[in-house]
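All ligand and atom numbering here is 1-based and tracks the order in the structure. In this chain, numbering begins with 1 at the start of the sequence shown. Everything numeric here is computed off the predicted structure, so don't read it as measured data. Only this structure's heavy atoms are used, side chains among them; waters, hydrogens and symmetry mates stay out.
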Amino acid sequence: MKEMNFYPGPSRVYDKIPDYVREAYMDGILSVNHRSGEFMSLMEQTKKTLREKLLIPGNYEIAFTSSATETWEIIAQSLTEKGSQHFFNGSFGEKWTNYAGKIVPVKPMPFGIDEQLPACYTGKDTDVLCVTQNETSNATQVPMSRLKALRANNEGKIIAVDTTSSMGGIMIDYGLADVWYASVQKCLGLPAGMGLLILSPNAVNKAEKIGDRDRYNSLLQIVENSRKNQTPHTPNVLSVYLLNRTQSESKGIVYTSGIVQKRYRKYAGLFERHDGFRFLTANEAVRASTVLALRHHDVPGLKSRARENGMVLGNGYGPWKNTTFRIANFPAVHNSEVEKLIAFLGDGPLRG
Ligand SMILES: *Cc1c(COP(=O)(O)O)cnc(C)c1O
């Protein structure tokens, strides 16, 4: 790689991706028929690897989609009867609200970037609660304890959680919600082009109750195919293969999330000491560990100096585009790259 990429999505991919792509080609995986035994065993193996490495419960279904964005529609089409309530404090959660709103009645529930998610009872008009656990646009997170409180106050409702930029980097307590999803190009360190969807038994029951089969991506079709280790449409076989290879090599989420935490604390140590930087959210309890967003008085200047030093910082997003920059703290980033970025940010030209 010519540059050190700290962009939070698409982001740095694992170093071995070119080797794995070549191996996939040599093994004929790239041309495999998705109804063949060969594909089915790859899919079965991949789901098994994900359960082992990410600690996904055995009674939760694992399926593949095209993207996180697609999942916004799937949840509205196939899991929502009355309406969905959307908790958000940034651009991705807001986009989810807008996508869902074209299909079902939605109730927006915005909250501030320094606040915890309001884990209130959400009333009779909504049966699905939508939470962006890791809001990539402003680098805030909803802690598992908050999801637990939301669950406790809303028994019987489906809770759907966007973990696009945290799955693979944090410990997730899957039992606290019914739908968990991500795309592969962020925390999972793969080239873009696939989504991951994890469903509780309650979510599957709800899909059965609603019975939506009108679309190519209706959830029942996805689940029924997945149980046969297939997909409704021709999937991104290369991405399934790469997910299996990279996760097989991983030391597991307990170890990986420990590394992510350790690096986060290193960054936090620098930014708390250094006058030139301020975390976008002042509330440490809601700060994401996999993506960091920092205010700085001269973001364009900082980014161009970083680039001269071979480092690509992430732009700010949405309303914070010009006043913040973001750093991906994803597992595929090397420790040595983190060290270099910390040395660069903490060094001479930025002081004062
Ligand atoms: C990137 C991102 C998405 C969209 O992902 P796609 O793969 O482009 O569909 C959704 N939610 C969050 C939190 C994201 O970071």
Side-chain angles (χ1 to χ4, degrees), residues 5-13 63-77 84 86-103 106 108 110-111 113 117 128-143 146-147 159-170 172 177 179-198 217 222 233 235-236 238-240 242-243 260 280-281 286-293 314-321 324-333:
N5 190 345
F6 295 95
Y7 218 94
S11 34
R12 193 193 200 295
V13 298
F64 301 115
T65 62
S66 304
S67 65
T69 304
E70 184 190 21
T71 311
W72 293 338
E73 286 205 353
I74 293 173
I75 292 163
Q77 285 162 14
S84 49
H86 295 256
F87 298 86
F88 62 85
N89 68 3
S91 305
F92 286 104
E94 190 171 12
K95 276 191 208 171
W96 184 359
T97 318
N98 295 336
Y99 272 79
K102 292 177 190 162
I103 302 173
V106 290
F111 60 102
I113 58 168
L117 172 140
V128 176
L129 310 183
C130 301
V131 176
T132 304
Q133 189 274 327
N134 215 67
E135 178 49 78
T136 320
S137 67
N138 55 29
T140 60
Q141 63 129 3
V142 175
R146 214 64 190 169
L147 286 174
I159 300 183
V161 188
D162 184 336
T163 52
T164 302
S165 55
S166 57
M167 188 184 286
I170 65 163
I172 292 178
V179 181
W180 298 89
Y181 62 90
S183 315
V184 294
Q185 77 275 14
K186 295 193 181 162
C187 209
L188 292 162
L190 300 184
M194 191 169 77
L196 200 56
L197 176 58
I198 296 165
N217 59 0
I222 293 177
H233 61 283
N236 187 338
L238 175 60
S239 198
V240 177
L242 294 176
L243 186 60
V260 166
L280 175 54
T281 174
V286 301
R287 254 180 232 155
S289 57
T290 53
V291 182
L292 287 74
N315 289 333
Y317 199 98
W320 302 286
K321 196 168 178 55
T324 66
F325 67 97
R326 291 177 302 157
I327 299 171
N329 182 24
F330 295 153
V333 177

Notebook entry, point to check: Is there a side-chain contact between Y181 and D162 (heavy atoms, below 4.5 Å)?
Noted result: yes
Notebook entry, point to check: Which one holds for K186 and ligand 1: side chain close, backbone close, both close, or neither close, with close meaning a heavy atom under 4.0 Å?
Noted result: side chain
Check: So is T136 polar-close to ligand 1, meaning N/O to N/O under 3.5 Å?
Finding: yes
Check: Where do S91 and P319 come nearest, in terms of heavy atoms and distance?
Finding: OG-CD, 4.1 Å
Margin query: Would F92 count as a polar contact of ligand 1, with the cut-off being nitrogen or oxygen pairs under 3.5 Å?
Written below: no
Margin query: A cation-pi test, strictly: NZ or CZ of K186 under 6.0 Å from the centre of the six-membered ring of F92 and no more than 45 degrees from its axis. Yes or no?
Written below: yes
Check: What is the closest protein heavy atom to atom 9 (O) of ligand 1, and at what distance does it sit?
Finding: T69 OG1, 2.6 Å
Check: Step by step, would you call Q133 with S166 a side-chain hydrogen bond (donor to acceptor under 3.5 Å, both in side chains)?
Finding: CA-CA 8 Å; Q133 189 274 327; S166 57; 2.7 Å; yes
Next item on the list: Determine, using heavy atoms of T163 and all atoms of ligand 1, whether some pair is separated by less than 4.0 Å.
Entry: no
Notebook entry, point to check: Which atoms of ligand 1 have any heavy atom of N134 under 4.0 Å away?
Noted result: 13 (C)
Next item on the list: Give yes if a backbone or side-chain nitrogen or oxygen of D162 is under 3.5 Å from a nitrogen or oxygen of ligand 1, and no if not.
Entry: yes
Next item on the list: Tell me whether the centres of the aromatic rings in F88 and W72 are closer together than 6.0 Å.
Entry: no
Notebook entry, point to check: Can you check side-chain hydrogen bond (donor to acceptor under 3.5 Å, both in side chains) on E70 and N217, steps first, answer last?
Noted result: CA-CA 8 Å; E70 184 190 21; N217 59 0; 3.1 Å; yes
Margin query: Considering non-hydrogen atoms of the protein only, which is the closest contact for atom 5 (O) of ligand 1, and what is the distance?
Written below: S183 OG, 3.4 Å
Margin query: Below 4.0 Å from ligand 1: does a non-hydrogen atom of W72 turn up there or not?
Written below: yes
Item checked: Backbone or side-chain N or O of Q185 under 3.5 Å from ligand 1 N or O -> yes
Checklist line | Y99 six-ring centre to K102 NZ/CZ under 6.0 Å and within 45° of normal | finding: yes
